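Below: one structure, written as C-alpha cells.
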Amino acid sequence: MEILELLDVQFLAIAVACFAVVAGAVYLLSSGKKRKGCLDPENFKEFKLVKRTQLSHNVAKFTFALPTPTSVLGLPIGQHISCRGKDSQGEEVIKPYTPTTLDTDVGHFELVIKMYPQGRMSHHFREMKVGDFLAVKGPKGRFKYQPGQVRAFGMLAGGSGITPMFQVARAILENPKDKTKVHLIYGNVTYEDILLKEELDNLASTYPDRFTVYHVLNQPPESWNGGVGFITKEMIQAYCPAPAPDVQILRCGPPPMNKAMAAHLEALGYAPEMQFQF
C-alpha cells in the first residue's frame with residue numbers, strides 16, 4: 001500500500017512538472033514574445049509568389065509565402081526591404097519596397113507595386129508569375145518607431161510613397177495601447193492612381209478619432225470634393241498637426257514633391273527634428 005501511495009505521489013509530481021512546462025511554453029507564446037523574423041540584412045533570401053492580384057492596369061498586389069504558416073517577416077515598423085530582379089536587358093537591379101503587411105500578418109507578406117513603363121524593377125514584377133521567387137534582403141531604413149513617441153504624425157505622401165505611410169499608420173492604429181493620431185495628405189495625378197484607397201478609407205471609418213486622410217488630385221474627376229492640384233502649404237496647415245515638440249511630419253514621394261514639401265514645412269515653422277523623409 002505504501003509503495004502504491006509513493007508511486008501516486010511521484011506520478012502527481014511528474015504531472016505537475018509537465019503541466020508547468022507546458023503552461024510556461026503557452027505563456028511565452030501568448031505573451032507577445034518577439035518571434036525571429038525571416039529576413040537577413042546581409043544576404044538575399046528567396047520567397048515564393050503565391051498570389052498576384054491586379055488592382056488596376058499598372059498596379060498589382062503580390063503575396064509571397066514565408067517558410068511556415070506562423071512565420072513572420074520580421075520588419076520593424078517604418079522600415080523597408082531591398083528586392084532584386086532583372087530589367088528588360090537582363091541586367092540585375094535592386095530597389096527598395098515597403099510591404100503593406102505587418103508582423104501580425106503571419107505566414108506571408110504583401111507588396112503593392114505600381115509598374116511604370118520604363119521602370120527597371122517594374123519590368124521584373126510585370127513578368128512575375130505565381131510560383132516564381134523574389135530575392136529579398138533587409139530590414140533597411142533609418143526610421144525607428146516606439147508607440148507614443150509623438151502625440152501626432154502628419155504624413156505627406158505622393159504616388160507609391162503611400163506604402164511606408166500605410167504600414168506605419170496600420171501599426172499605430174491596430175495597437176490598442178498606442179494613442180498616437182495620424183493625419184495623412186495623399187497626392188496623386190488621377191483618381192485611378194490612388195493606391196490602397198479602400199484600405200485607407202477603412203482605417204478612416206474604423207478609427208475616426210485617430211486617423212484622417214485628405215486626397216489631392218492633379219487631374220480630378222468632375223464630382224470631386226478633395227484637394228485639387230499639388231499639396232500646398234495651406235493644405236498642410238489645414239490638415240496636419242501644427243508644429244510642436246511632440247509632432248512629426250513624415251514625407252515620401254517623387255524627388256520634386258519631397259523638395260517642395262521640405263520647403264513648405266520649413267516655411268510653416270517645422271524644425272528639422274520634426275521632419276522625416278523616407
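The model shown is predicted, which means the values in this text are computed figures rather than measured ones. Throughout, numbering of the chain's residues begins at 1 and tracks the sequence.
In this structure, Leu196 is a member of the same hydrophobic cluster as Phe278, with clusters built from ILVMFWY side-chain heavy atoms closer than 4.5 Å. In terms of hydrophobic clustering, with Ile, Leu, Val, Met, Phe, Trp and Tyr side chains grouped at heavy-atom distances under 4.5 Å, Phe211 and Phe153 are assigned to a common cluster. No single ILVMFWY cluster, assembled from side-chain heavy atoms under 4.5 Å apart, contains both Leu200 and Tyr214. Placement of Phe276 and Ile249 in two distinct hydrophobic clusters is found when ILVMFWY residues are connected by side-chain heavy-atom separations under 4.5 Å, directly or transitively. The same ILVMFWY cluster, assembled from side-chain heavy atoms under 4.5 Å apart, contains both Val93 and Val136.
Residues Val182 and Met165 form no side-chain contact, since every pair of their non-hydrogen atoms from C-beta on lies 4.5 Å or further apart. Counting heavy atoms from C-beta on, the side chains of Tyr97 and Met121 come closer than 4.5 Å. Taking 4.5 Å as the limit, every side-chain heavy atom of Ile194 sits out of range of all side-chain heavy atoms of Ile162. Between Tyr191 and Lys197 there is a side-chain heavy-atom pair separated by less than 4.5 Å. Side-chain contact between Leu55 and Val112 is present, with at least one heavy-atom pair separated by less than 4.5 Å. The closest side-chain heavy-atom distance from Asn218 to Phe230 is below 4.5 Å. Using a 4.5 Å cut-off on side-chain heavy atoms (C-beta onward), His124 and Lys95 make no contact. The closest side-chain heavy-atom distance from Glu192 to Ser56 is not below 4.5 Å.
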Stepwise side chain to side chain contact (heavy atoms under 4.5 Å, CB included) test for Leu49 and Leu134: CA-CA 7 Å; Leu49 179 64; Leu134 178 69; over 6 Å; no
Working for side chain to side chain contact (heavy atoms under 4.5 Å, CB included), residues Gln149 and Gln248: CA-CA 10 Å; Gln149 73 181 39; Gln248 191 171 35; 4.1 Å; yes
Residue pair Met155, Val168: steps toward the side chain to side chain contact (heavy atoms under 4.5 Å, CB included) verdict: CA-CA 10 Å; Met155 294 181 171; Val168 172; 3.9 Å; yes
Criterion side chain to side chain contact (heavy atoms under 4.5 Å, CB included) on Thr63 and Thr101, from CA distance to verdict: CA-CA 10 Å; Thr63 304; Thr101 41; over 6 Å; no
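Of all heavy-atom pairs between Pro139 and Leu75, the closest is CB-CD1, 3.6 Å. Here the shortest heavy-atom pairing between Leu250 and Phe143 reads CD2-CE1, 3.7 Å. Shown here for Met115 and Val59, the closest heavy-atom pair between the two residues is CE-C, 4.1 Å. Nearest heavy atoms, Val106 versus Pro69: CG2-O, 3.5 Å. Closest non-hydrogen pair, Ala171 versus Ile77, comes out as CB-CD1, 3.4 Å. Taking every heavy atom of both residues into account, Ala157 and Ile231 meet most closely at O-CD1, 4.0 Å.
For residues 249-275, no pair satisfies ring-ring contact (aromatic ring centres under 6.0 Å, His included), with sequence neighbours left out. Listed by first and then second residue, the ring-ring contact (aromatic ring centres under 6.0 Å, His included) pairs involving residues 46-65 are Phe47-Phe109, Phe62-Phe125, Phe64-Phe109 (not counting sequence neighbours). Judged as a side-chain hydrogen bond (donor to acceptor under 3.5 Å, both in side chains), the pairs with a partner in residues 157-174 (not counting sequence neighbours) are, in order, Asp105-Arg170, Arg170-Glu174.
With a 6.0 Å radius and a threshold of 12 heavy atoms from other residues, nucleotides or ligands, Lys48 has its NZ atom at or below the threshold. Applying the 6.0 Å contact sphere to NZ of Lys86 captures no more than 12 heavy atoms from other residues, nucleotides or ligands. Counting heavy atoms of neighbouring residues, nucleotides and ligands inside a 6.0 Å radius, atom CD of Gln118 does not exceed 12 of them. With a 6.0 Å radius and a threshold of 12 heavy atoms from other residues, nucleotides or ligands, Lys181 has its NZ atom at or below the threshold. In the displayed structure, Lys259 atom NZ is contacted under 6.0 Å by at most 12 heavy atoms of other residues, nucleotides or ligands. Counted within 6.0 Å of CD on Gln54, heavy atoms from surrounding residues, nucleotides or ligands total more than 12; the atom is thus considered enclosed.
Atom OG1 of residue Thr212 and atom CG of residue Leu203 lie 11.5 Å apart, to the nearest 0.5 angstrom. The structure places CD of Glu110 at 10.5 Å from CG of Leu102, a figure rounded to the nearest 0.5 Å. Taking CD from Gln277 and CG from Asn258, the interatomic distance works out to 4.0 Å, rounded to the nearest 0.5 Å. Lys137 NZ to Phe44 CZ: the interatomic distance, rounded to the nearest 0.5 Å, is 4.5 Å. Note that OG1 of Thr100 is 7.0 Å distant from CG of Leu111, once rounded to the nearest 0.5 Å. Remark: Leu195 CG to Ile113 CD1 distance equals 9.5 Å, nearest 0.5 Å.
Side-chain N or O atoms of His80 include none that pairs as donor or acceptor with a backbone N or O of Gly78 at under 3.5 Å. Between the side chain of Tyr186 and the main chain of Val213, no donor-acceptor pair closer than 3.5 Å is present. In terms of modelled atom types and a separation under 3.5 Å, the side chain of Arg52 and the main chain of Met128 share a donor-acceptor contact. Side-chain N or O atoms of Asn188 include none that pairs as donor or acceptor with a backbone N or O of Leu217 at under 3.5 Å. A donor-acceptor pair is defined here as one N or O able to donate and one able to accept, closer than 3.5 Å; no such pair exists between the side chain of Lys140 and the backbone of Ser82. Checking side-chain atoms of Arg251 against main-chain N and O of Met257 turns up no donor-acceptor pair under 3.5 Å.
Taking Glu46 as the reference, nothing meets the side chain to side chain donor-acceptor pair (under 3.5 Å) condition, with sequence neighbours excluded. With sequence neighbours left out, Asp40 forms a salt bridge (Lys or Arg N to Asp or Glu O under 4.0 Å) with no residue at all.
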Enumerate, atom names and distances included, each donor-acceptor pair closer than 3.5 Å involving a side-chain atom of residues 233-247, sequence neighbours excluded.
unit_1: Asp246; atom_1: OD1; unit_2: Arg151; atom_2: NE; d: 3.4
unit_1: Asp246; atom_1: OD1; unit_2: Arg151; atom_2: NH2; d: 3.3
unit_1: Asp246; atom_1: OD2; unit_2: Arg151; atom_2: NE; d: 2.9

